[in-house]
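Side chains are part of it too, since the values below use all heavy atoms of this structure and drop only hydrogens, waters and symmetry mates. Treat the numbers as computed from the prediction; the structure is a model and nothing was measured.
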Amino acid sequence: MPEIVIPLVLLANGLAAGVLMGTQLGGWPLLDTLPAPRYVQAHGFFSTRYDPFMPLCFLATVLGDGVLALVAEKTGAQVLFGTAGLLAAGTITISLVKNVPVNKWIRTLDPENLPDDFAERDPRRHWGGWNRARTASATSALLANCAAVGLLL
C-alpha cells in the first residue's frame, strides 16, 4: 500500500504547496499593490480558481499521511509522515478560519461600488500574513514528507 499512497501524497502536497508558493511569489505581491477596486476584482477572480482543487489536495495529503504514519516500516518515517499530516491539517485550518472567509466576503463586493468603510476593513494585511503562514505550513509538510520518503529509500 505505501507504494501507492506515497506518490499520491507527494503529488497532492507538492501541488498544493506549489500553488501557495506561486501565490506568495506572484499573485500576492500584485494584489497587495493594486488600488482597492482592482484588488477586489483581481482577488475575486483568483479566489474562485482554486476550488475544489486545493481542498482536495490538502485532504488527500492529510489522509495519506495518516495512513503512512500508521504503516511506514521505519519509526522515523512514521513520525515525519505524522508531522506532515498535522502541518497539512494546520494549513486547512488556517485556510478555513482566516483566508476563506475573506475570499467569500471579497467575492460579494462590487469593485465599482465599495463600502464607504472599505479602507478600514481592507483585509490585505491580515490576509497576506495568514497566506504566508499557510504557505510555510504546506511547504513544511512537503519537506517532512520528502524527508520521510528519504528514510524509506
Is [Y] reachable from [X] through a run of I, L, V, M, F, W or Y residues, each pair having side-chain heavy atoms under 4.5 Å apart?
{"X": "Leu63", "Y": "Ile92", "answer": "no"}
{"X": "Leu59", "Y": "Met54", "answer": "no"}
{"X": "Val79", "Y": "Leu70", "answer": "no"}
{"X": "Leu80", "Y": "Val62", "answer": "no"}
{"X": "Leu86", "Y": "Phe81", "answer": "no"}

Taking every non-hydrogen atom, the tightest pair across [X] and [Y]:
{"X": "Pro7", "Y": "Pro2", "result": "CD-O, 4.0 Å"}
{"X": "Ala77", "Y": "Ala72", "result": "CB-CB, 4.1 Å"}
{"X": "Ser95", "Y": "Arg134", "result": "OG-NH1, 2.9 Å"}
{"X": "Val67", "Y": "Met1", "result": "CG1-SD, 3.5 Å"}
{"X": "Gly64", "Y": "Val9", "result": "CA-CG2, 3.4 Å"}
{"X": "Leu10", "Y": "Leu142", "result": "O-CD1, 4.3 Å"}

Reported [atom1]-to-[atom2] distance for the pair [X] and [Y], which is rounded to 0.5 angstrom:
{"X": "Gln41", "Y": "Asp110", "atom1": "CD", "atom2": "CG", "value": "10.0 Å"}
{"X": "Leu151", "Y": "Thr75", "atom1": "CG", "atom2": "OG1", "value": "10.5 Å"}
{"X": "Thr33", "Y": "Arg38", "atom1": "OG1", "atom2": "CZ", "value": "13.0 Å"}
{"X": "Asp51", "Y": "Leu56", "atom1": "CG", "atom2": "CG", "value": "9.0 Å"}
{"X": "Arg107", "Y": "Phe46", "atom1": "CZ", "atom2": "CZ", "value": "14.0 Å"}
{"X": "Ser137", "Y": "Phe58", "atom1": "OG", "atom2": "CZ", "value": "7.5 Å"}

Would you say [atom1] of [X] has more than 12 non-hydrogen atoms from neighbouring residues, nucleotides or ligands within 6.0 angstrom?
{"X": "Glu120", "atom1": "CD", "result": "yes"}
{"X": "Asp116", "atom1": "CG", "result": "no"}
{"X": "Arg49", "atom1": "CZ", "result": "yes"}

Side chains of [X] and [Y]: closer than 4.5 Å at any heavy-atom pair?
{"X": "Pro101", "Y": "Trp105", "value": "no"}
{"X": "Phe118", "Y": "Leu109", "value": "yes"}
{"X": "Leu34", "Y": "Leu30", "value": "yes"}
{"X": "Leu152", "Y": "Ile6", "value": "yes"}
{"X": "Trp130", "Y": "Val97", "value": "no"}

- prompt: So which of Asn145, Thr139, Asp65 actually passes side-chain hydrogen bond (donor to acceptor under 3.5 Å, both in side chains) with Asn13?
  reply: Asn145
- request: Ignoring hydrogens and angles, tell me if any N or O in the side chain of Thr135 forms a donor-acceptor pair with the backbone of Asn131 under 3.5 Å.
  value: yes
task: For the pair Trp127 and Ile106, evaluate side-chain contact (heavy atoms from CB on, under 4.5 Å) and give the outcome as yes or no after the intermediate values.
output: CA-CA 11 Å; Trp127 189 95; Ile106 292 294; over 6 Å; no
message: Test side-chain contact (heavy atoms from CB on, under 4.5 Å) on Leu20 and Gln24; report intermediate values, then the result.
response: CA-CA 6 Å; Leu20 286 174; Gln24 276 306 117; over 6 Å; no
